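Quick note: residue numbers are just sequence positions, from 1. Values in this document were obtained by computation on a predicted structure and should not be read as measured data. Scope of the values below: all heavy atoms of this structure, side chains included, with no hydrogens, waters or symmetry mates.
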Amino acid sequence: MKILYLIFSLLFILSANYCNPVIENESVNIKDLDENMIDIRVYHENLGGDLKTGDIDGAKWLLTGMDSILLIVSDKFTTHRKLDKPFNYFYEKNLKAPINNLKSALDKNDLPKARAAYILLTDNCNDCHINHDIDKEVQNWMK
């Protein structure tokens, strides 16, 4: 009887783990492009506020969060009804350089260069929105 109980217990434990595997360090993004852009907007607005007040640590944290969403979007959205190319193309063309310049300026505590990179990033976002008939304006929070 004890052997039968032990076998049943082992089968139960193994089947529970098999049916519900734990996936570590894997995040799943089920949002559509517009929902991801709303998240990016929140990061962007707060990033501008931190740059305006001179909070370099906050700006670094927000830039990292914003860029991580942009990279996820770059991987996920290879097609979209309003984009004539994969989002990754526009990230590489319009966003990567200003983001890298912003990161570099923040690492050097150079607020004037960081602010200039933020303004360029904002302008590039708006240019892409205009070119793709997206009725959303990215606000420049440095004003």
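- Considering CZ of Arg41 and SG of Cys125, their distance stands at 13.0 Å, rounded to 0.5 Å.
- Here the side chains of Met66 and Leu70 are in contact, with some heavy-atom distance below 4.5 Å.
- With rounding to the nearest 0.5 angstrom, the CG atom of Asp110 is 10.0 Å from the CZ atom of Arg115.
- Here the CG atom belonging to Asn140 is positioned 5.0 Å from the OG1 atom belonging to Thr122, to the nearest 0.5 angstrom.
- Inter-residue side-chain proximity for Lys31 and Ile38 is flagged as unmet; no heavy-atom pair is nearer than 4.5 Å.
- Between Tyr118 and His44, the ring planes are parallel. Angles under 30° get that label, and only those over 60° would be called perpendicular.
- Here the shortest heavy-atom pairing between Leu51 and Ala114 reads CD2-CB, 3.9 Å.
- Counting heavy atoms from C-beta on, the side chains of Lys136 and Asp34 come closer than 4.5 Å.
- Atom CG in Leu106 sits 10.0 Å away from atom CG in Asp55 (nearest 0.5 Å).
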Go through the steps for Asp57 and Asp50 under the test side chain to side chain contact (heavy atoms under 4.5 Å, CB included), then give the verdict.
CA-CA 9 Å; Asp57 290 333; Asp50 281 357; over 6 Å; no
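- Tyr91 and Asp75 are not linked by any side-chain donor-acceptor pair at a separation below 3.5 angstrom, with hydrogens and angles left out of the test.
- Counted within 6.0 Å of NZ on Lys60, heavy atoms from surrounding residues, nucleotides or ligands total more than 12; the atom is thus considered enclosed.
- Separating the NZ atom in Lys85 from the CD atom in Glu92 is a distance of 13.0 Å, to the nearest 0.5 Å.
- Under the 4.5 Å side-chain heavy-atom criterion for Ile, Leu, Val, Met, Phe, Trp and Tyr, Ile69 and Val138 are members of distinct hydrophobic clusters.
- No continuous path of ILVMFWY side-chain contacts below 4.5 Å connects Ile130 to Tyr89, so the two sit in separate hydrophobic clusters.
- Within the 4.5 Å cutoff, the side chain of Leu95 has heavy atoms near those of the Phe87 side chain.
- The closest side-chain heavy-atom distance from Thr64 to Tyr43 is not below 4.5 Å.
- When the options Leu120, Leu121, Asn124 are evaluated for a side chain to side chain contact (heavy atoms under 4.5 Å, CB included) with Ile99, the one that passes is Leu121.
- For Lys96, the NZ atom sits in a loose shell: 12 or fewer heavy atoms of surrounding residues, nucleotides or ligands are nearer than 6.0 Å.
- Rounding to the nearest 0.5 Å places CG of Asn109 at 4.0 Å from CD1 of Ile56.
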